[in-house]
Every structure is written in structure tokens, then in C-alpha cells.
Student: 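Dumping the structure here so I can ask a few things about it.
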Protein chains: 2
Amino acid sequence: MTEHATAEAKPEASGTPVTPRRRRAPRGQGELLREEILEATERLLIATGDQDAVSIRAVAEAVGVTSPSIYLHFADKMELIFAVCERHFQRFDEIQEAAAAAAPDPVQGLMERGRAYIKFGLENPEQYRILFMTKPAQTPESWTFERVIGSVAFEHLVAAVAECIEFLKLDPPPDAQMVAITLWSMVHGLTSLLLNHPKFPWPDRDALIEDVLTMPIQGLLPR
Amino acid sequence: MTEHATAEAKPEASGTPVTPRRRRAPRGQGELLREEILEATERLLIATGDQDAVSIRAVAEAVGVTSPSIYLHFADKMELIFAVCERHFQRFDEIQEAAAAAAPDPVQGLMERGRAYIKFGLENPEQYRILFMTKPAQTPESWTFERVIGSVAFEHLVAAVAECIEFLKLDPPPDAQMVAITLWSMVHGLTSLLLNHPKFPWPDRDALIEDVLTMPIQGLLPR
DNA sequence: TGTACATCAGTGAACGCGCGTTCACTGATGTAC
DNA sequence: TGTACATCAGTGAACGCGCGTTCACTGATGTAC
């Protein structure tokens with residue numbers, strides 16, 4: 001299997017491929033390990049596509065460190081997993097904002113936002129699953145929805161919808177929050193179905209996305 | 001805890017509440033156990049709200065039988081869990097069909113279908129999760145989407161959409177399958193968000209459901 | 001009416017696994033005097 | 001320039017858990033002769 005650079009036998013199960021042991025961080029640089037742990041966790045999360053398949057032990061192995069070291073930086077496994085997601089939440093919001101900003105008008109901006117949303121989900125399935133498809137019981141206490149998602153991407157969406165309503169001079173103006181949730185349901189619904197049911201005989205994916213995005217927005221337009 | 005009818009000590013961990021041992025089925029009636037197992041599994045699934053929390057051992061304990069007995073009727077755990085769901089799929093479809101049948105016209109039928117869908121999901125969260133929110137890797141080979149979901153509820157939905165298109169004399173007629181998927185995305189999206197994020201500051205639930213159902217159907221109507 | 005045998009519905013005990021987490025410790029590096 | 005000490009980034013070994021699953025078996029019940 002792996003070559004032995006030294007004559008020493010590994011104490012662990014001998015068949016396991018072994019990552020070279022990481023060099024100990026210099027004094028005062030302990031935080032470096034935190035960053036490496038996050039990156040390794042993210043890689044494993046993407047590779048395995050399953051948060052349960054990512055164990056503390058596997059993360060430690062990937063970093064080249066023993067498992068108790070993880071606990072120098074994260075209180076428990078859940079905190080680690082969610083710390084990885086925090087980064088994705090930010091990117092998720094940024095991507096949508098950027099997509100919307102490039103559009104010529106608010107309505108098209110809304111469409112672009114939706115496209116970006118779906119694209120993100122399809123390209124980052126496991127992160128998307130953790131962010132939006134984790135059941136409440138598995139979510140740590142500190143992750144109230146208001147704080148984590150609501151405060152950024154969702155509020156941006158509500159604002160974008162409000163802009164549309166104004167732009168279209170809708171009368172009477174629908175409730176922006178209500179519309180935002182409806183749109184969110186749409187894109188989330190499609191994203192999660194596509195992720196969960198790859199064997200379903202889907203029609204052409206891009207055409208489907210366009211249809212799904214168009215239909216509710218059509219419903220919004222003045223008649 | 002539990003009273004001891006006999007003086008015998010239980011061989012198992014003494015703190016555990018113990019279900020009385022089930023009477024052995026008479027000759028030729030082995031299949032009775034299968035039914036009891038399915039019922040117990042379903043109860044546990046609902047009680048715990050988590051398919052991982054339902055263990056073979058727990059099911060056996062609930063039935064009043066030892067765990068190897070489960071294997072007399074199910075090849076493995078996954079088969080058991082999904083067997084429970086099969087029953088729900090059927091009920092799920094039936095409920096939607098019944099709701100649609102009671103409506104005065106196809107468009108309202110579509111709305112009723114949507115309401116019934118969401119209601120089912122909210123009332124049977126764990127089953128809904130297993131049916132529609134299980135990641136592909138966890139789904140047994142035999143559960144191709146075409147066979148299990150596609151063949152019933154989804155095809156009924158496509159047919160209902162086609163009826164609407166005809167009823168409304170839409171010209172040009174949109175693709176029924178495409179529209180069906182869009183509607184499915186909507187209701188699934190809302191259902192799963194409501195299930196997964198109970199802490200989100202949702203507006204009035206019923207009003208929200210109406211909005212979500214109305215918007216895409218508005219988009220469908222002739223202008 | 002009796003008995004050997006087959007069948008069937010289970011049991012009891014164990015295997016082996018991988019996991020999250022804890023605990024007491026080590027040994028390199030910097031710092032104070 | 002030397003040395004005692006504190007600090008810090010880790011390590012190694014183990015605990016205890018619950019799980020899915022397997023294996024050899026038991027003992028009640030029916031059946032053939």
C-alpha cells in the first residue's frame with residue numbers, strides 16, 4: 001500500500017492510507033490549524049456528499065493530526081460542520097447579489113437571482129443540503145434561522161421583490177415578504193427535487209429552470 | 001418502572017421499559033409478524049421523527065420480539081423503512097385524487113390538489129421526508145423514481161394539468177409535464193421549508209399556502 | 001392410537017464496527033531572572 | 001550566557017455506546033405412516 005519511509009510500524013490499522021503527519025504550528029499560531037480543519041472538512045463534505053460520513057476522525061486524518069486536536073478548536077462535531085457552512089452562506093448571498101446587480105431591471109434581476117440560487121444549489125449539493133434541508137432537530141441551538149439565513153440572503157430577496165413591485169407600479173401592491181417566500185419556495189423546491197431525485201426523467205434542465213422561474217413571475221405581472 | 005408479573009429477572013439492561021413478549025404466531029401465520037413490524041416501525045418513525053433514530057432493535061422491542069426476527073421478513077433496514085413508506089405513497093396519491101375530484105372545475109381541482117399535498121406533508125413530516133427528501137445514496141436500488149412516485153401521484157398531476165390546459169383552451173398549449181414539475185416544485189418547496197425551518201418567522205400559514213398556490217396558476221391563466 | 005420426523009416461528013448470544021469524546025500526558029519553544 | 005519555569009500545540013490510549021447483522025439453536029406444532 002503506502003511506502004514506509006521509516007522502519008517504524010504505524011500504531012493504527014495497517015491497511016489505512018496515511019496522510020503525513022502535519023508539522024506542529026509554531027508558538028502563537030495555533031489558529032492555523034483551525035483553518036486547515038475547516039478546509040479539510042469542506043473537502044470531505046464535498047467528496048462524500050454526506051455529513052454523517054464525515055467523521056471527526058476522518059477530518060483529523062486528512063489534516064494530519066490526531067482527533068482530539070479538533071477539540072482544541074471546535075466544541076463538537078456540529079459546530080465544525082456548521083462553521084464550514086457559514087462560509088457558504090456568505091458566498092451564497094454574494095453570488096445572488098452579484099447576479100442581480102448585473103441585470104438591466106429589477107424583474108430581470110429577480111430572474112437572475114433565481115438562476116444563481118439554483119445554480120449554487122446544484123453545484124454545491126451537500127452544502128445546500130446542510131443549509132436548507134437539515135431537519136430542525138439536527139440544527140444547533142445557535143443557528144436560529146433569523147440570524148443565519150434571514151439576515152442576509154432572504155432580506156436581500158425581500159428587498160429585491162419590493163423593488164420589483166415599485167418598478168412595476170403594482171396596484172394594489174402585494175406583500176413583498178409573502179411574494180419573496182413564494183419565490184423562495186419555487187427555487188428551493190426545484191433545487192431540492194433535482195438534487196434528491198437524479199433518476200427522475202427530468203426534461204431539459206435549463207428549459208425547466210426557465211419555466212419554473214418564469215411562471216410565478218408571470219403571475220406577478222400586471223394583466 | 002414496569003411491574004414484574006413473574007419473579008424472573010429480564011436478561012436485558014434492567015432500566016429499559018420492556019414490552020411484554022409477543023405470543024408466537026400459530027403455524028402458517030408467520031406473515032402476521034410482518035404486519036406488526038410495519039405498524040411498529042411507522043409508530044416509531046412518527047414518534048421519533050427520524051429514520052436514523054428508528055433502529056431494528058427498537059422496532060423489535062416495540063413488537064415484543066427479538067431483533068433477528070425482523071430479518072425473517074425484511075432483508076435489511078432500508079427495505080423495512082421503505083416498505084412503511086410504500087403505504088404512505090398510496091395514501092398520498094389517494095388523498096390528492098379525492099381532493100381534486102371534489103372540485104367544481106379543473107383549475108380549482110389543481111388548487112385543491114396542491115392544498116392536499118401540502119397538508120399531507122405537514123401532517124406526516126417524517127414520511128414526507130423519506131419520500132421526497134432522502135438523498136439518492138440512501139435510497140435502495142429498487143426504488144427508481146419512475147416506479148414509485150412517477151407512476152401514480154405524478155402522472156395524476158400531469159393529467160390534471162393537461163385537463164386544465166384544455167379547459168382553459170390555452171393557446172399555444174404549454175407542455176403539461178413542464179407545468180406539472182413547476183407546480184410540484186412549488187408545493188414541495190413550501191412544504192419542505194415549512195418542515196425544516198419551524199423557527200423562521202413565517203407569516204400566517206394558510207394565507208401563505210394560498211399565495212404560493214395562486215401565484216403560478218395565475219401565471220398560467222390567459223391574459 | 002402412537003411415534004418418528006419435518007417444518008416453522010422464532011431466540012440468545014455474539015461479532016465487529018466506527019463513532020464522538022475525554023483524560024492525563026509530552027515535548028518543543030519561548031520568557032524571566 | 002545559563003537555567004528554571006510557564007506556555008502552548010498537540011498526542012496516545014481508552015471509554016462507552018448503539019448499531020446492523022449473523023449464526024447456530026430451540027421447541028411448539030403439524031403430518032405421514
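The chains referred to below are lettered A, B, ... by the order of the sequence lines, with proteins before strands, and numbering in each begins at 1.
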Student: Could one point to a donor on the side chain of A/Arg57 or the base of C/dG20 with an acceptor on the other under 3.5 Å away?
Tutor: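 Donor-acceptor pair under 3.5 Å: yes.
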Student: Roughly how many Å is it from NE2 in B/His73 to P in D/dT21, rounded to a whole number?
Tutor: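 Those two atoms, NE2 and P, are 16 Å apart.
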Student: Rounded to whole Å, please give me the gap between CZ in B/Arg23 and P in D/dG27.
Tutor: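 These atoms are roughly 17 Å apart.
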Student: Find which nucleotide of DNA chain D each of A/Arg27 and B/Ser67 is nearest to by heavy atoms, and output the residue with the more 5' nucleotide.
Tutor: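 Between the two, 5'-proximity favours A/Arg27.
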Student: Name the pairing partner of C/dT26, where a pair is Watson-Crick or G-U wobble with both distances under 3.5 Å, or state none.
Tutor: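 Across all strands, the one nucleotide that pairs with C/dT26 is D/dA9.
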Student: Taking CD from B/Gln29 and P from D/dA28, how many angstroms apart are they, rounded to a whole number?
Tutor: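 Taking CD of B/Gln29 and P of D/dA28, I get 19 Å after rounding.
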Student: Rounded to whole Å, how long is the line connecting atom CG of A/Leu32 with atom P of D/dC8?
Tutor: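 Taking atom P of D/dC8 as the reference, CG of A/Leu32 is at 15 Å.
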Student: Compare side-chain N and O positions of A/Arg21 against OP1 and OP2 of D/dG12 and report whether any pair is under 4.0 Å apart.
Tutor: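 For D/dG12, OP1/OP2 do have a side-chain N/O of A/Arg21 under 4.0 Å.
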Student: Please give, in whole Å, the distance from D/dT11 P to A/Glu61 CD?
Tutor: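 The distance from CD of A/Glu61 to P of D/dT11 comes to 12 Å, rounded to the nearest Å.
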Student: For B/Arg22, answer base if it contacts any base atom (sugar-phosphate contacts may also be present), sugar-phosphate if it contacts only those atoms, and nothing otherwise; contact means non-hydrogen atoms under 4.0 Å.
Tutor: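 Sugar-phosphate: the residue B/Arg22, judged by heavy atoms under 4.0 Å, touches backbone atoms but no base.
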Student: Closest approach to the side chain of A/Tyr71, judged atom by atom: which nucleotide of D/dT11, C/dT22, D/dT21 is it?
Tutor: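 For the A/Tyr71 side chain, the nearest candidate turns out to be C/dT22.
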Student: For A/Arg115, is there an ion pair with A/Glu112 - N to carboxylate O distance below 4.0 angstrom?
Tutor: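 Looking at A/Arg115 together with A/Glu112, the answer is yes, because their closest N to O distance falls below 4.0 Å.
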Student: Looking at D/dG18, which nucleotide sits across from it as a Watson-Crick or G-U wobble partner, both distances under 3.5 angstrom, or is there none?
Tutor: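 The answer is C/dC17, by the H-bond criterion.
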Student: Would you indicate which nucleotide in D/dT11, C/dG20, D/dG10 comes nearest to any side-chain atom of A/Thr66?
Tutor: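 Of D/dT11, C/dG20, D/dG10, D/dT11 is nearest to the side chain of A/Thr66.
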Student: Between B/Pro68 and B/Arg24, who's closer to the 5' end of DNA chain D by nearest nucleotide?
Tutor: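 Residue closer to the 5' terminus by nearest nucleotide: B/Pro68.
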Student: So what does B/Ser55 hit on the nucleic acid, given a heavy-atom distance under 4.0 Å: a base, only sugar-phosphate, or nothing?
Tutor: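 Answer is sugar-phosphate: B/Ser55 comes under 4.0 Å of backbone atoms only.
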Student: Evaluate the ring planes of B/His197 and A/Phe132, with Trp represented by its six-membered ring, and classify them as parallel (under 30°), tilted (30 to 60°) or perpendicular (over 60°).
Tutor: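 Taking A/Phe132 first and then B/His197, their aromatic rings stand perpendicular (interplane angle over 60°).
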Student: What is the separation between atom CZ on A/Phe74 and atom P on C/dG20, rounded to the nearest whole Å?
Tutor: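 It works out to 14 Å between those atoms.
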Student: Separation of A/Ile56 atom CD1 from C/dG20 atom P, in whole Å?
Tutor: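 For the pair A/Ile56 CD1 and C/dG20 P, the rounded distance is 6 Å.
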Student: Classify A/Leu33 by what it touches in the nucleic acid, base, sugar-phosphate, or nothing, heavy-atom distance under 4.0 Å.
Tutor: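 The residue A/Leu33 makes sugar-phosphate contact but no base contact.
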Student: Any ion pair linking B/Arg87 and B/Glu35 (charged N to carboxylate O, less than 4.0 Å)?
Tutor: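 Yes.
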Student: D/dG2 pairs with which nucleotide, Watson-Crick or G-U wobble, both distances below 3.5 Å?
Tutor: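 Paired with C/dC33.
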Student: Going from NE2 on B/His88 to CG on B/Asn124, what distance comes out if it is rounded to the nearest 0.5 angstrom?
Tutor: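 Rounded to the nearest 0.5 Å, the NE2-CG separation comes out at 6.0 Å.
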Student: Looking at A/Gln90, I'd like to know if its CD atom is crowded, meaning that more than 12 non-hydrogen atoms belonging to other residues, nucleotides or ligands lie closer than 6.0 Å.
Tutor: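 No, not enclosed.
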Student: Figure out the CG/C1' separation between A/Leu72 and C/dC23, and round it to whole Å.
Tutor: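 Rounding to the nearest Å, CG of A/Leu72 and C1' of C/dC23 are 13 Å apart.
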Student: Check for me whether the distance between the ring centres of B/Tyr117 and B/Tyr128 falls short of 6.0 Å.
Tutor: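 Yes, the ring of B/Tyr117 comes within the 6.0 Å limit of the ring of B/Tyr128, centre to centre.
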Student: At less than 4.0 Å, is any side-chain N or O atom of B/Ser69 found next to OP1 or OP2 of C/dT11? Yes or no.
Tutor: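 Checking C/dT11 against B/Ser69, a side-chain N or O does come within under 4.0 Å of OP1 or OP2.
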